[in-house]
Structure formats: C-alpha cells, structure tokens
Visitor: 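I'd like to ask some things about the structure below.
So that the names make sense, note that chain A is the first sequence line, chain B the second, and so on, each numbered from 1.
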Number of protein chains: 2
Amino acid sequence: MAVVAVDAMGGDSAPSEPVFGAIAAAQANPRVTIKLVGDESVLERELEQLDSVPGNLSVVHAGDFVTMEEAPVEALRKKKDSSIARAATLVAEEEADAVFSAGNTGATVVASSLKMGMLDGVRRPGITIPVPTTKGSCALLDVGANIKCKPEDLVNYGCMGEVYANVVLGIEKPRVGLLNVGQEDEKGNELVKVTRQMMETSDLGFVGNVEGQDIFMGKCDVAVTDGFVGNVLLKVIEGLAESIFEVVERGMERDRVDSLLESPFYNKVKANLTYDEYGAAPLLGTKGVCLIGHGRSTAKAFQSAIAVAASLVDRDLMGHMSERVSRSRAGST
Amino acid sequence: MAVVAVDAMGGDSAPSEPVFGAIAAAQANPRVTIKLVGDESVLERELEQLDSVPGNLSVVHAGDFVTMEEAPVEALRKKKDSSIARAATLVAEEEADAVFSAGNTGATVVASSLKMGMLDGVRRPGITIPVPTTKGSCALLDVGANIKCKPEDLVNYGCMGEVYANVVLGIEKPRVGLLNVGQEDEKGNELVKVTRQMMETSDLGFVGNVEGQDIFMGKCDVAVTDGFVGNVLLKVIEGLAESIFEVVERGMERDRVDSLLESPFYNKVKANLTYDEYGAAPLLGTKGVCLIGHGRSTAKAFQSAIAVAASLVDRDLMGHMSERVSRSRAGST
C-alpha cells in the first residue's frame, strides 16, 4: 500500500504530463496512493478537464517550484515552498513512502538528501540506471548526483549498487566493478587508485577494474564511477543508441528493408535503450525512496515511474540498503 | 614520399598482422616507404614465407619490445632498444616521417613525446578519434594519452582538435565544445570550470559546454575532455555500438529479417563504428606524426593506418598544428 508523492511541477511538460501519468498510474494500480504535489489551482484546473478523478489520487499544495535552469541549492533556499521540497518533506514526515520528480535533477537530489536525511555512513547519494547488456543489465552509478566524489563515496556506491542489483535486477551475488581506463592495478587517476585499494579490502563482491566495453559484455553487474564520468556516459549511451537506431532505420527505409521494424526482438532492444520506457532512475543513499526522471518524461514515463516507486517501497529497498551499508561499516572498523 | 616506421612488435597478433598489413600497404602505395621495426630474425622469418617483398619495405632492427601489460615509463627505461623507442627515434632523426604502433598505448605516447619532442607550448599530447555523428564526424580528444589533465592541456586540445578537424575532416571553421555534465556555466568539476573560462577568452571557435548526446547530434566538430573521461567514453562507444549491432543482427536472424545485412547504408554505419575500419588514432602535440592502433588491429587495420599516416605527412598536419598553437599562444600573452 505504497504512497507515492509526485512532483507535478517538474519536467519539460509539467503539469499536464505528470497529471496524466499520475491518473493512469492510479487507475492501473488501485493499491497505490498518489499525492500530486504542486500549485493547487493549476492542478485542480488540469483535473477538472477529466470525467472523473480516481479515489487514490489527491493534490498536496506547494506554492512554488524550481525551474530546470536554476542552481539547486540557491533555488531551494529561496523557494521554501517548492513542489520538490514539499514532496520530499512528505516522505520525511511519513505521509508518503517515495517521491518521483522529472524536474531539476540537482534540486531533487539536494531536497531529498536534506529532507529525508542520509542512511548512516553515507555522505552523498548516487543515481543509478540499469544499462542493458548483451546478457541482461548492469547497474551504473553514479550518473550525476555527485560530481566531486571521494573514494568512500564510490565504495558506498558499490554497496548500494549491490543491493539494487540484488533486489531490483534479481542477481543473487552481484559482481562489482570499478570503471577505469585499464584492468591493471596501477591504471587511472588518484580517485580510482585509492578506491580500488579500499574496495579490495571491503566485503564487496569486487571484480576489480572494468573498462567501458566490459559494461556491455556483462563482465560486472554493478559498474561504479563518479558523477561526472557517469553523467557524461549516460548521455553518450542515450545519444549513441538514438543515433544508431536512427541510421539503422533510415538505412532500412532507403534500401526498402523495413521488416525489421516489425521484429519484436529489435523493438525490445530499442525500448531498453530508450528513456521513455525505463522511466526513472533511483537515488540511492537517502533514507526514503526517491526516483529521478528525465526532463522530457512523458505521461507514460510518469506512469511507469510511479509503479516502479511503489514496487521499490513494497520490496523495502531502503531497508535492505541501510542494513547492507551498516554491515559493511561494521566489517571495516 | 612519406616514410612510415611501423612498430612490428606491437599489437595482440604481432608480428604476423603488422607484417602482412605493411606488405599490403607497400603494394597499394608504391610512393610510400615503410620501415618495419622489430627483431630482425623474427621479421626476416615472416618475410621469407612470402613470394616477394616489395622494394619500398625494409626492416630496421630493434632487439626488444614493450609488452601490452608493462608500465610504460619503467618499460622504456629498462628496454633501451625496444621497437617503439627505435621507431620514434627514426622520426626524431628524420629517417622516417611518421610512426604507427598497435602496441602498448602508454609506451607509444611516452616514447613519441620523449624522442620526437613536443610542439612549443604543448605540455602533454592527446589522442583523437573521429566519432561518427548523424551529420558527419566529431573529433573527440583526449581519449587516453593524458589521464591527469590541466586546464591548459585542454585548451591546447581545442587548438589541435581544430587543426585536425580542418585538415583531416575538411571542416572549414570547426566548432569546439567542452564536454561537461550540463550546458550552464556553473556546471562541472574544477577542471572544466577553469578550462571553460580559459576557452572563452581564447581564439578558439568555442561553442561552450556540450553534453554526451551533443557529440552524436553534431553540435560541435571537436569535443574536448580529459584522458580519463575520454578513454572510458571511447570504450563505451565501441562496446555499445558492437552490442547494438550484435542484437540487431541476432534479432534479424531470429525473426528471419536478414535483408538489412545487404543494405549498403547499414554497412557503412557499422563500418564507421568498427575499429578495424577506422584503424588508427593520431597523437597530437608531438613534433612528428604518431598514430596509435587498437591492440586487436588486424593486417587490414595496419594497412589502413599506414596509408593514413602517409596522408597526414603529405598534408603537413604537424606544420599546421605547430603554426596554430603558436598563434594561439601569441594571442594569449
């Protein structure tokens, strides 16, 4: 019976896409309660256009919102009653179990960290996404929450990535790799060199350095990197996949070979690499569940993200995460 | 009449692939002179298996070689007569115009930098590759020569990338972008923040921060990043492209849609993203021409790299590079 707070003012097409997505999610998941957080008058106007509003959906007022362009910390300081701060507060005050926003990512990370608080022993949260591989999925993190990582942050990402891969991806004993420019011990910058030593003496299922191509070959189930590299990578993966699919399909058209478009397998692969379908990336390290969506999230992406948020709550992802991190800390002291 | 020194002991399949590639290149480019550098007895044995050896190909003896696993600086210090050091020395002593190696990348970078020397004003060299975009190509650098970059290194990569994009990719006024996690000024780590300010006051055709997806959308002709990020990216691009082509083709097979494999357009795109075809990446910043190949370079890749090396010499890439860097330095003082 998860309660999901949705930032109805976040995303390029807010509030219409969040509202339509939330309605669809409420209808499809009658056991989930949805709280749409945003300007009451704006949201009521959206809802009035509908024939009926599901009983498991309600509006929570927030008088302001953070725009996509604002600097997160400053915006949150200035706008005390922003929709993302209000949504994160609902989780902190146990009026909701999870928050989802497709708005300003930095503001979502900062608001969730400050309002919900961090798991004991975690300094900074990380965002993870499952990257499709030829064998399944690999959890890549951090893809942008923490641009200036310390080695202990990366070790925590390894721990939390393990729990995510286990609980969400269903991998019994996840193999954790450290993203680097080579497999040898002496490779890399200072951050990865120190991290590698810490990971080796930790209780992680650590398989050593991994390189970019190893992610797709399924050599690890969790690939750890700092938020700068991870964010550049995430966008390269999205951009490259999009451009390959574009040229493949343009090629089919030009050469009059269009039957591949009807291939279920091709379409599955394409869907796995297309943002609308995977919908939302969990923020790991905060005490409550927080999911982060792409700015261009559609109603369909909102609907899917709300369902994912509810399932993470049902599976007690954060309980497992907290237990895992404190076990690791106990072992290292 | 370029003279190309080939490290015949470098690469996973040395010396057979380098030798076969060099023979094919010598036959296809009668005006190019090729010097195969490596253990004379080993190379002579390879050549003896052939019916005839082209007159524009000769062997230069080097008694030792650096393995793929060795730490570059230490290996070069210990092995004075390694094939890569000998090949770079040939260029330094004007007995060759260019060097190509598919061996230990770090050793190739260090040997070329030390033996040939750096262009005035350049502290560290960078490796560039042309990434195919939906509109053409974008020169990405550094993809792995310089793991610990300073802002001035990145500014130089912008300058040298401009010349590469102009001379090699044929772009009249290349647009230079700085790879970052967002387009806004305040985004990124310290390195990119300082670099951005320096680039803005430089004489570069600077278009500001670019993100991962922008590379493929053709938003810039040169994308500058440090060697850690660039190397991880290069391998992600290769690995993702390979895995997408694999699943696309597996999908076609499973669904009995195989006519795309006969599509010239599909095959062109695939070739552009497959290492064997693009063959070699130039090292920029050294006084002589140096090309770096993938460890798994085939004879075909060697042949193509030798032809590329000769054409860079013919077009006086390093002369243009030197002129451009000193013009930029003159402007900034």
Visitor: I need the minimum non-hydrogen distance between A:Gly239 and B:Phe216, along with the two atoms involved.
Guide: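 What the structure gives for the nearest pair is C-CD1, 3.7 Å.
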Visitor: If the test is side-chain contact (heavy atoms from CB on, under 4.5 Å), which one of A:Leu233, A:Ile237, A:Leu240 qualifies with B:Ile237?
Guide: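 Considering A:Leu233, A:Ile237, A:Leu240, a side-chain contact (heavy atoms from CB on, under 4.5 Å) with B:Ile237 is found only for A:Leu240.
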Visitor: Nearest 0.5 Å please: distance from the CD atom of A:Glu70 over to the CD atom of B:Glu184.
Guide: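 The distance works out to 11.5 Å.
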Visitor: Go through B:Thr225, B:Asn189, B:Val232 and name the one with the most non-hydrogen pairs under 4.5 angstrom from chain A.
Guide: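 So the answer, after comparing B:Thr225, B:Asn189, B:Val232, is B:Asn189.
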Visitor: In terms of heavy-atom pairs under 4.5 Å with chain A, which of B:Gly144, B:Gly188, B:Gly182 leads?
Guide: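 Among the listed options, the one with the most contacts to chain A is B:Gly188.
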Visitor: More than 12 heavy atoms of other residues, nucleotides or ligands under 6.0 Å from NZ of A:Lys193: is that the case?
Guide: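 Counting other residues, nucleotides and ligands, NZ of A:Lys193 exceeds 12 neighbours.
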Visitor: Can you tell me how far CD of A:Glu190 sits from CD1 of B:Ile147, rounded to the nearest 0.5 angstrom?
Guide: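 One finds 12.0 Å between CD1 of B:Ile147 and CD of A:Glu190.
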Visitor: Using side-chain heavy atoms (C-beta onward) and a distance below 4.5 Å, is A:Met217 in contact with B:Glu242?
Guide: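 No, every pair of side-chain atoms sits at 4.5 Å or beyond.
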Visitor: If you measure from CD1 on B:Ile244 to CD1 on A:Ile244, what distance do you get to the nearest 0.5 Å?
Guide: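 Going from the CD1 atom of B:Ile244 to the CD1 atom of A:Ile244 covers 4.0 Å.
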Visitor: Below 4.5 Å, heavy atoms only, C-beta onward: do B:Val192 and A:Phe228 meet side chain to side chain?
Guide: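 SC-SC contact between B:Val192 and A:Phe228 confirmed.
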Visitor: Can you tell me which portion of A:Asn180 sits under 4.5 Å from chain B's heavy atoms? Options are side chain, backbone, both or neither.
Guide: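 Contact with chain B involves both backbone and side-chain atoms of A:Asn180.
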Visitor: For A:Gln197, is the CD atom crowded, meaning more than 12 foreign heavy atoms sit under 6.0 Å from it?
Guide: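 No, the 6.0 Å shell around CD holds no more than 12 heavy atoms from other groups.
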Visitor: State whether the side chain of A:Lys235 and the backbone N or O of B:Val181 hold a donor-acceptor pair below 3.5 Å, judged by distance alone.
Guide: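 Checked: pair present.
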Visitor: Within the supplied structure, the quantity of interest is the number of heavy atoms (other residues, nucleotides, ligands) at a distance under 6.0 Å from B:Tyr164 OH; does it exceed 12?
Guide: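 Count over threshold, so yes.
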